[in-house]
Amino acid sequence: TYRNQPLDVIARYIDWAYFFVAWEMKGKFPEILDDPVQGEEARKLYNDAQKMLNRMIDEKLVCAHGVAGLWPANATEDDNILIYSDDSRSTVRALIPTLRQTKRKHETPYYLSLSDYVAPLSSGKPDYAGAFAVTAGIGLQEMVREFEQTHDDYSSILAKILADRLAEAFAEYLHELVRRELWGYAPDERFSIDELLMIRYRGIRPAPGYPPCPDHSDKRLIFELLDAGNQADIGLTESNMMTPGASVSGYYFGHPESKYFSVGRIDLDQVEDYARRKGVSVQQAERALQSVLAYR
């Protein structure tokens, strides 16, 4: 559990390029600050963001809480990841059904699934998988309310965007701690912030709802495994949105060849198989996977 993490440390991991994307300004950072068209506006935004960020840090206006966990794990032949209760591996605590790419490919002869990044049960090799949940949104609501009372919409939007960037930065910072210390498979890793943001390190942290694992309801399992509500004060709405808003959660995979990918569109037979493995109705699975259905 990582409560009240130092915001000044987390802020070093902010990807400022995405800060500008949130304002619908595209370009590399810091080059965007000298852009002939966007430069003046970009510099103003950046300076205002620095002032507000310093205020958030100095006055402790927002808090950053997080939790990470690692568990013994293995993969089955039918694309499930088994999470065990302890290192005896005698009791399965949770089953994570994953989806596999099926669209015909020309550039590579293989079709990926997240379960490929965990050692197969048949190999007899003990492996691990992890998960995390972080927030930088504790206190944000009060901050935004203050701005809204004075009809300062600009500062309200700026605060929300900064909190989102801090949450993503916290996820980056915590992942580094996991690789170097908690999981410890890369104890000697030394990357600059720029190299971290370019994902030069070994391992991935895919988030439910994103292309490798498009089912948002996976967050329920992650939150249960981590006890995220008690450990990090992060909740889930009925529609699997995280509260407070400036929060990030996902899995950890440490396989040397792990990389981000898109599952792509899936057909009814795969949805039916997924529903069976997840223990839900086909209709429930279709609702959870509606963003990737090939037949609707």
Side-chain angles (χ1 to χ4, degrees), residues 1-68 132-177 191-200 205 207 232-235 241-250:
T1 304
Y2 302 84
R3 295 183 74 84
N4 293 308
Q5 290 299 287
L7 287 178
D8 56 336
V9 174
I10 289 170
R12 293 179 210 151
Y13 292 74
I14 288 177
D15 188 338
W16 286 102
Y18 280 97
F19 168 80
F20 289 108
V21 167
W23 293 96
E24 297 183 353
M25 296 171 73
K26 290 183 180 175
K28 285 186 176 180
F29 179 84
E31 289 86 341
I32 192 170
L33 301 178
D34 296 316
D35 184 271
V37 179
Q38 306 176 98
E40 191 179 339
E41 190 185 350
R43 281 194 300 277
K44 182 188 182 305
L45 274 174
Y46 184 66
N47 291 334
D48 290 346
Q50 293 303 313
K51 284 177 199 162
M52 186 171 288
L53 189 56
N54 289 334
R55 206 185 138 207
M56 282 174 160
I57 294 166
D58 295 342
E59 299 176 31
K60 296 182 168 58
L61 296 177
V62 297
C63 296
H65 299 336
V67 57
F132 72 95
V134 298
T135 185
I138 310 291
L140 177 66
Q141 213 171 348
E142 291 75 9
M143 203 178 163
V144 166
R145 197 179 296 130
E146 235 178 79
F147 291 131
E148 287 174 349
Q149 281 170 352
T150 57
H151 306 289
D152 187 351
D153 293 341
Y154 171 66
S155 293
S156 171
I157 294 165
L158 185 60
K160 289 176 190 172
I161 290 173
L162 270 179
D164 283 342
R165 288 299 97 220
L166 279 169
E168 293 287 355
F170 190 2
E172 194 71 72
Y173 166 68
L174 185 55
H175 196 185
E176 185 180 49
L177 281 181
F191 288 118
S192 68
I193 300 297
D194 285 344
E195 288 171 323
L196 289 174
L197 297 177
M198 290 166 72
I199 319 176
R200 291 278 171 85
R205 55 171 191 278
D233 298 342
I234 311 172
M241 297 286 286
M242 288 176 283
T243 58
S247 301
V248 184
S249 63

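Index from 1, following the sequence.
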For [X] and [Y], work out which heavy atoms get closest and say how close.
X	Y	answer
A163	M56	N-CE, 4.5 Å
A246	A167	O-CB, 3.3 Å
L53	A11	CD2-CB, 4.0 Å
A232	T135	O-CG2, 3.9 Å

Requested in this report: Might you work through the side chain to side chain contact (heavy atoms under 4.5 Å, CB included) test for F147 and L158, ending with a clear yes or no?
Outcome: CA-CA 10 Å; F147 291 131; L158 185 60; over 6 Å; no
Query raised in the report: Hey, does D233 have a side-chain heavy atom less than 4.5 Å from the side chain of R3?
Result: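 Contact flag for R3/D233 side chains = yes.
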Requested in this report: Decide yes or no for Y173 and Q5: does some side-chain heavy atom of the first lie under 4.5 Å from some side-chain heavy atom of the second?
Outcome: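 Y173 reaches Q5 side chain to side chain.
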Requested in this report: Start with the C-alpha gap between N4 and H65, add the side-chain angles, then the distance that decides, and say whether side chain to side chain contact (heavy atoms under 4.5 Å, CB included) holds.
Outcome: CA-CA 5 Å; N4 293 308; H65 299 336; 3.3 Å; yes
Exam field: side chain [X] to backbone [Y], donor-acceptor pair closer than 3.5 Å:
X	Y	result
R43	L33	yes
Q38	K26	yes
T1	V67	no

Working to the nearest 0.5 Å, report the span between [atom1] of [X] and [atom2] of [Y].
X	Y	atom1	atom2	value
F19	L45	CZ	CG	5.0 Å
I193	D15	CD1	CG	10.5 Å
E168	L197	CD	CG	10.5 Å
L166	I57	CG	CD1	7.0 Å
R165	F20	CZ	CZ	12.0 Å
R55	L162	CZ	CG	12.0 Å

Please say whether more than 12 non-hydrogen atoms of neighbouring residues, nucleotides or ligands are located less than 6.0 Å from [atom1] in [X].
X	atom1	value
E148	CD	yes
E40	CD	no
Q141	CD	no
E146	CD	no

**Report entry** M25 and D35: CA distance, side-chain angles, deciding distance, side chain to side chain contact (heavy atoms under 4.5 Å, CB included) verdict
**Finding:** CA-CA 11 Å; M25 296 171 73; D35 184 271; over 6 Å; no
Query - Contacts of Y18 that satisfy ring-ring contact (aromatic ring centres under 6.0 Å, His included) - sequence neighbours left out - result: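 ring-ring contact (aromatic ring centres under 6.0 Å, His included) list for Y18, sorted by chain: empty.
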Query raised in the report: Under the side chain to side chain donor-acceptor pair (under 3.5 Å) test, which residues partner D48, sequence neighbours left out?
Result: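 Listed in chain order: K44, Y154.
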Query raised in the report: Would a line drawn from the ring center of Y46 to the ring center of F29 be shorter than 6.0 Å?
Result: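 Yes.
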Requested in this report: Please lay out, stage by stage, how M52 and M143 fare under the test side chain to side chain contact (heavy atoms under 4.5 Å, CB included).
Outcome: CA-CA 11 Å; M52 186 171 288; M143 203 178 163; 3.9 Å; yes
